[in-house]
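Here's the structure we're looking at; comments come further down.
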Amino acid sequence: CDFFPVMQAPKEIPAAKDGAPTLAQEFMVRKNDPKAHIEMRVAMCGNVDSGKSTLTSVLTRGFRDDGRGYARSFVFNHKHEADTGRTSSISENHLGFDATGGVVNYPSGGPSATIKHTISAHDMFTKSAKMLTLYDLAGHEKYLKTTVLGMTRSVPDYACIVISANNGIQRMTKEHLGLCLALKLPFFIVVTRIDATPDNIRQDTMQSIFKLLKLPTVKKLPYPIRKHDDVVVCAKNLKSDRICPIF
């Protein structure tokens, strides 16, 4: 079996009378089967130009974008997608994790800033104990039917709604959120482009997200992620479909 610490640091537990305080740490025990791996599917959705393809490529390739669409070019399926910068098809990308939680897609030194690192699909599946499949879906209104197809045919376990900090919530953002609610698909939100957005606009975007999630038709509890322990709390409660983590 593999043992994984769930909390980053041990917690101090008050001791009994005349006793020294003790430390306790929570662990997750997982049976290690080298012949099988855990699979999970995530649908990447959101409004057009929110950064879905760039985020997917950076996560699966392990290198940063240059600000001119270099990263997203590796997840596009067609030439016209690269020319316009808009996804019109369903792109399937894999992210593999070994038994200790390390990403097998990246080089041994970790994610690279500029160098593109590639690994064959066979090596990825061989080295991985957990496989995460990211489905990059279209965000333009013209390709909504393609997005619906990707969210139903692929049978994702979760959905990632990407929102640009400088553009905020758009019409297609609400459409994709409505699809998640209709399909009873647990989702979380990733806010992108915060480095290129003034603080006041970013704060307005966050307030708009909170208001949207608290609507009677949505009924989600916004849960901003600020530290590692917040991720653990959300992982335990996300399946109940009551909270919505915000990265």
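All values below were derived from every heavy atom in this structure, side-chain atoms included, with hydrogens, water molecules and symmetry-related copies excluded.
- The stretch residues 186-197 participates, sequence neighbours left out, in no salt bridge (charged side-chain N to carboxylate O under 4.0 Å, His left out) pair at all.
- The shortest non-hydrogen separation linking T60 to L95 is CA-CD1, 4.0 Å.
- Counting only residues at least two apart or on different chains, no ring pair (Phe, Tyr, Trp, His ring centres under 6.0 Å) pair has a member in residues 138-175.
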(Q) Between M172 and L144, does the side chain to side chain contact (heavy atoms under 4.5 Å, CB included) criterion hold? Intermediate values first, please. (A) CA-CA 9 Å; M172 294 310 297; L144 180 59; 3.6 Å; yes

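- A pairwise comparison of heavy atoms in A71 and V58 identifies CB-CG2, 4.1 Å as the closest pair.
- In the hydrophobic clustering of ILVMFWY residues, with side-chain heavy atoms under 4.5 Å counting as a link, M44 and I194 come out apart.
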**Q.** side chain to side chain contact (heavy atoms under 4.5 Å, CB included) assessment of I38 paired with F97
**A.** CA-CA 10 Å; I38 304 171; F97 297 89; over 6 Å; no

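- Taking the six-membered ring for Trp and thresholds of 30 and 60 degrees, F74 and Y70 have ring planes more than 60 degrees apart, a perpendicular arrangement.
- Between D230 and K227, none of the side-chain N atoms (NZ, or NE/NH1/NH2) sits under 4.0 Å from a carboxylate O, so this pair counts as no salt bridge.
- Taking the side chain as every heavy atom from C-beta outward, H94 and M131 approach each other to under 4.5 Å.
- Taking every heavy atom of both residues into account, A165 and T197 meet most closely at CB-OG1, 3.6 Å.
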Q.
Is there a side chain to side chain contact (heavy atoms under 4.5 Å, CB included) between V191 and R202? Walk through the geometry before answering.
A. CA-CA 9 Å; V191 181; R202 178 178 57 83; 5.5 Å; no

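- Hydrophobic cluster membership is shared by M40 and F247, with clusters built from Ile, Leu, Val, Met, Phe, Trp and Tyr side chains linked at under 4.5 angstrom.
- Closest non-hydrogen pair, G139 versus K52, comes out as CA-NZ, 3.7 Å.
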Which donor-acceptor pairs under 3.5 Å do side chains of residues 173-184 form with protein atoms, sequence neighbours excluded?
unit_1 : atom_1 : unit_2 : atom_2 : d
T173   : OG1    : Q170   : N      : 3.3
H176   : ND1    : G46    : N      : 2.9
H176   : ND1    : G46    : O      : 3.3

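- Annotation for I243 and C234: closest pair CD1-CA, 3.8 Å, computed over non-hydrogen atoms.
- Side-chain contact between D157 and V42 is absent, with no heavy-atom pair separated by less than 4.5 Å.
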Q. Given N167 and N47, is the side chain to side chain contact (heavy atoms under 4.5 Å, CB included) satisfied, shown in steps?
A. CA-CA 9 Å; N167 293 332; N47 188 57; 5.7 Å; no

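- Counting heavy atoms from C-beta on, the side chains of F188 and C160 come closer than 4.5 Å.
- When all heavy atoms of N93 and S91 are compared, the closest pair comes out as ND2-OG, 3.1 Å.
- Tracing side-chain contacts under 4.5 Å through hydrophobic residues (I, L, V, M, F, W, Y), one never reaches I246 starting from L238; they form parts of separate clusters.
- Using a 4.5 Å cut-off on side-chain heavy atoms (C-beta onward), K127 and D98 make no contact.
- Side-chain atoms of S88 and H78 form no donor-acceptor pair, as typed in the model, at a separation below 3.5 Å.
- With contacts defined as side-chain heavy-atom distances shorter than 4.5 Å, the pair R72/D65 does not qualify.
- The side chain to side chain contact (heavy atoms under 4.5 Å, CB included) test with T192 singles out one residue from V162, N166, I163, T54, and that residue is V162.
- Residues I225 and F210 do not share a hydrophobic cluster, clusters being chains of Ile/Leu/Val/Met/Phe/Trp/Tyr side chains in contact below 4.5 Å.
- Connection of I90 to M151 is established within a shared hydrophobic cluster, with ILVMFWY side chains joined at heavy-atom distances below 4.5 Å, either directly or through further cluster members.
- P222 is not listed as a side-chain neighbour of I209, based on a closest heavy-atom distance of 4.5 Å or more.
- Separating the CD atom in E92 from the OG1 atom in T56 is a distance of 12.0 Å, to the nearest 0.5 Å.
- If you take OG1 on T205 and CD1 on I169, they are separated by 8.0 Å, rounding to the nearest 0.5 Å.
- T133 places none of its side-chain heavy atoms less than 4.5 Å from the side chain of E39.
- The residues D83 and K79 are annotated as salt-bridged, a charged nitrogen and a carboxylate oxygen being separated by less than 4.0 angstrom.
- Contact annotation: the side chain of L132 never approaches that of L59 to less than 4.5 Å [non-hydrogen atoms, C-beta and beyond].
- Expressed to the nearest 0.5 Å, how far OG of S128 lies from CG of D123 amounts to 10.0 Å.
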